[in-house]
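The next block holds one structure in the form of structure tokens; read it before the comments.
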Amino acid sequence: TVLGVCASYLWLDRPLALWIHRIFGFTHVPTTLVESPFSSTSFISVLIFVVCGLMAISGHRFSMLGTTVTMSTISAITAILIKDQLKFIFGRTWPDSWSQGILSLVGNGVYGFHYFHHGQSFESFPSGHAAVAAAILSIPWILLPRLRVSAIIFIFAADLGLVVLNLHFLSDVMAGTFLGISSGLFTIHLWRATYLKVSADTVQIK
């Protein structure tokens with residue numbers, strides 16, 4: 001992933017973003033709904049997490065589908081928290097200005113990383129949407145083998161859309177997808193390690 005991101009940054013990101021802009025022009029993406037705090041991925045993930053937590057406290061036993069939803073929510077929240085820190089660390093500008101005042105390659109000729117910079121202009125790397133999509137879909141990919149092909153298709157479609165709309169550089173999407181998959185793997189393996197340990201202890205006590 002590191003090699004792929006570096007190669008994309010050096011040789012692919014800039015020409016690809018400029019080519020997409022020449023072909024499709026500026027793609028206006030409405031941000032009103034996305035920017036609403038009540039429709040954000042963070043809010044929805046936290047809401048689902050609280051609901052699942054209350055169900056667990058009340059003694060509800062989750063099915064495999066319920067477990068998948070719960071693990072996906074935890075994975076998504078983890079990915080969101082990590083990507084927010086990484087965006088601040090890397091401080092990368094955008095391929096195109098999706099809103100007024102946003103610095104970008106197409107709009108301002110700005111390209112590169114500006115480490116430890118605050119502000120919306122410096123939040124392109126890694127892609128949060130790619131990270132969340134991979135974080136959520138990596139869970140059913142692991143727990144529900146029947147959905148593996150669908151999960152891969154949806155992850156690829158989300159990544160492709162972000163690049164084609166010039167919302168992110170290719171390397172942003174690569175890093176975001178890696179972050180999301182890692183979050184899903186960590187979540188599942190931590191859950192399995194804890195579950196197996198508790199089960200083994202229960203058997204020994206009995």
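- Around CZ of Phe154, the count of heavy atoms belonging to other residues, nucleotides or ligands within 6.0 Å does not exceed 12.
- Although no hydrogens or angles enter the test, the distance criterion places no donor-acceptor pair under 3.5 Å between the side chain of Ser8 and the main chain of Gly4.
- Side chain of Ser72 to backbone of Ile136: a donor-acceptor contact under 3.5 angstrom is found.
- Atom CG of Leu170 is separated from atom CH2 of Trp11 by 13.5 Å, given to the nearest 0.5 angstrom.
- Between Trp98 and Ser104 there is no side-chain heavy-atom pair separated by less than 4.5 Å.
- Under the 4.5 Å side-chain heavy-atom criterion for Ile, Leu, Val, Met, Phe, Trp and Tyr, Phe125 and Tyr111 are members of the same hydrophobic cluster.
- Here the shortest heavy-atom pairing between Asp159 and Ala130 reads OD1-CB, 3.5 Å.
- Proximity of Trp94 to Glu123: side-chain heavy atoms (C-beta onward) are separated by under 4.5 Å at one or more points.
- By the rule that hydrophobic residues join a cluster once side-chain heavy atoms approach within less than 4.5 Å of another member, Leu105 and Phe90 end up as members of one cluster.
- A distance-only check finds a donor-acceptor pair linking the side chain of Asn166 to the backbone of Ala17 [under 3.5 Å].
- Between the CG atom of Leu86 and the CG atom of Leu81 there is a distance of 11.0 Å, given to the nearest 0.5 Å.
- Put simply, the side chain of Ile74 does not reach to within 4.5 Å of the side chain of Trp191, judged on heavy atoms.
- When all heavy atoms are compared, the tightest approach of Ala76 to Ser45 is CB-OG, 3.9 Å.
- Put simply, CD on Gln120 and OG on Ser97 are 11.5 Å apart, with the number rounded to the nearest 0.5 Å.
- Leu165 and Ile155 are assigned to two separate hydrophobic clusters, defined by single-linkage of ILVMFWY side chains at heavy-atom distances under 4.5 Å.
- Distance check, rounded to the nearest 0.5 Å: CG of Leu47 to OG of Ser42 gives 12.5 Å.
- Listed here is the closest heavy atom pair of Ala56 and Phe62: CB-CE1, 4.0 Å.
- Side chain of Ser75 to backbone of Gly184: a donor-acceptor contact under 3.5 angstrom is found.
- Ring geometry for His117 versus Phe122: interplanar angle of 30 to 60°, hence tilted.
- Between the side chain of Ser138 and the backbone N or O of Ser182 there is no donor-acceptor pair closer than 3.5 Å.
- The distance from atom CD1 of Ile77 to atom CZ of Phe49, rounded to the nearest 0.5 Å, is 6.0 Å.
- Hydrophobic clustering, with ILVMFWY side chains joined whenever heavy atoms are under 4.5 angstrom apart, groups Ile23 together with Leu162.
- Two different hydrophobic clusters hold Ile44 and Leu137 under the rule that ILVMFWY side chains link at heavy-atom gaps under 4.5 Å.
- For Phe156, the CZ atom is loosely surrounded, since the number of other residues' heavy atoms within 6.0 Å does not exceed 12.
- Rounded to the nearest 0.5 angstrom, Asp172 CG and Asp13 CG are separated by 6.5 Å.
- Two rings, from Phe113 and Tyr9, have their centers less than 6.0 Å apart.
- When the options Lys87, His168, Arg92 are evaluated for a side-chain contact (heavy atoms from CB on, under 4.5 Å) with Pro126, the one that passes is Lys87.
- Counting non-hydrogen atoms of other residues, nucleotides and ligands closer than 6.0 Å to CG of Leu3 gives a total of 12 or fewer.
- A donor-acceptor pair under 3.5 Å is absent between the side-chain atoms of Thr177 and the main chain of Met174, judged by distance alone.
- Within a 6.0 Å radius of CZ in Phe186, other residues, nucleotides and ligands contribute 12 heavy atoms or fewer.
- Considering Ile142, Ile139, Leu147 as possible partners of Thr68, the one that fulfils the side-chain contact (heavy atoms from CB on, under 4.5 Å) test is Ile139.
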